[in-house]
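In this chain, residues are counted from 1 in sequence order.
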Amino acid sequence: MEKRVTLKKESDGAFLIIQRTNIVERFTIRFFKQPAVRRIKLDKFGLFVVEQLDSHKNVQQIADEMSEHFGEEAEPALPRLVKFLQVLEVYDWIIWDTDDSVLK
């Protein structure tokens with residue numbers, strides 16, 4: 001099965017490419033000539049977080065690495081990270097692995 005969400009780096013920035021797959025989206029793609037994918041531009045913090053999601057890290061570990069990587073610029077790292085992950089979760093763009101308490 002193909003991933004619904006992928007990361008794509010281009011010369012003008014990094015983007016989450018989201019496949020529009022539900023029945024309403026497929027209808028609008030076909031009959032209203034809507035694009036088949038959404039392109040969500042990421043800032044440097046979003047890109048850093050998304051790159052960390054492939055590994056087996058919990059939220060606190062990612063927040064700590066974000067603080068270490070960006071320093072004061074990332075603060076408050078944990079609340080910022082939690083809000084970003086909440087947005088990704090609301091749209092079903094991430095899946096939580098509850099057995100290990102990590103993101104996949």
Query - side chain to side chain donor-acceptor pair (under 3.5 Å) partners for D92, two or more places apart - result: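 Side chain to side chain donor-acceptor pair (under 3.5 Å) list for D92, sorted by chain: empty.
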Query raised in the report: If you look only at pairs with a residue in residues 81-91, which of them pass as a side-chain hydrogen bond (donor to acceptor under 3.5 Å, both in side chains), with sequence neighbours excluded?
Result: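 side-chain hydrogen bond (donor to acceptor under 3.5 Å, both in side chains) check on residues 81-91 returns E89-W96.
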Separation between [atom1] of [X] and [atom2] of [Y], rounded to the nearest 0.5 Å:
| X | Y | atom1 | atom2 | answer |
| --- | --- | --- | --- | --- |
| L16 | L7 | CG | CG | 6.5 Å |
| K41 | D43 | NZ | CG | 10.0 Å |
| L81 | Q60 | CG | CD | 9.0 Å |

Query raised in the report: Checking side chain to side chain contact (heavy atoms under 4.5 Å, CB included) for the pair R38/W93: CA distance, chi angles, key distance, verdict?
Result: CA-CA 12 Å; R38 283 192 192 129; W93 296 341; 3.8 Å; yes
Query - Residues that, via side-chain heavy atoms closer than 4.5 angstrom, fall in one hydrophobic cluster with V37 - result: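 The other cluster members (ILVMFWY side chains, heavy atoms under 4.5 Å, direct or chained) are F15, I17.
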Requested in this report: Could I get the full list of salt bridge (charged side-chain N to carboxylate O under 4.0 Å, His left out) partners for E73, not counting sequence neighbours?
Outcome: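 Scan of E73 (salt bridge (charged side-chain N to carboxylate O under 4.0 Å, His left out), adjacent residues dropped) gives K44.
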Query - Pairs where residues 6-21 contributes a residue and the test salt bridge (charged side-chain N to carboxylate O under 4.0 Å, His left out) is met, not counting sequence neighbours - result: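 Of all non-adjacent pairs touching residues 6-21, those that pass salt bridge (charged side-chain N to carboxylate O under 4.0 Å, His left out) are K8-E10, K9-E51, E10-R39, R20-E25.
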Query raised in the report: Is any side-chain heavy atom of R4 less than 4.5 Å from a side-chain heavy atom of T21?
Result: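 With C-beta onward as the side chain, the pair touches.
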Requested in this report: Kindly indicate whether the side chain of F32, heavy atoms from C-beta on, has any atom under 4.5 Å from the side chain of F27.
Outcome: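 Yes - at least one pair of side-chain heavy atoms lies under 4.5 Å apart.
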Requested in this report: Show the numbers, then the answer: is there a side chain to side chain contact (heavy atoms under 4.5 Å, CB included) between V82 and V59?
Outcome: CA-CA 8 Å; V82 168; V59 174; 4.3 Å; yes
**Report entry** Chi angles and distances behind the side chain to side chain contact (heavy atoms under 4.5 Å, CB included) call for K57, E65
**Finding:** CA-CA 10 Å; K57 297 177 184 169; E65 288 182 14; 2.9 Å; yes
If you compare all heavy atoms of [X] against all heavy atoms of [Y], which two are closest, and at what distance to 0.1 Å?
| X | Y | result |
| --- | --- | --- |
| I29 | P35 | CG1-O, 3.5 Å |
| A77 | A63 | CB-O, 3.9 Å |
| A14 | L47 | CB-CD1, 3.7 Å |

Query - From CA spacing to verdict: side chain to side chain contact (heavy atoms under 4.5 Å, CB included), I62, L53 - result: CA-CA 9 Å; I62 295 172; L53 297 182; 4.0 Å; yes
Requested in this report: State plainly whether the residues E75 and R80 are in salt-bridge range, i.e. N to O under 4.0 Å.
Outcome: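 Between R80 and E75 there is no salt bridge, as every charged N stays at least 4.0 Å from the carboxylate O atoms.
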Query - Residues that F48 engages under ring-ring contact (aromatic ring centres under 6.0 Å, His included), provided they are two or more places apart - result: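 Checked F48 against ring-ring contact (aromatic ring centres under 6.0 Å, His included); matches are H69, F70.
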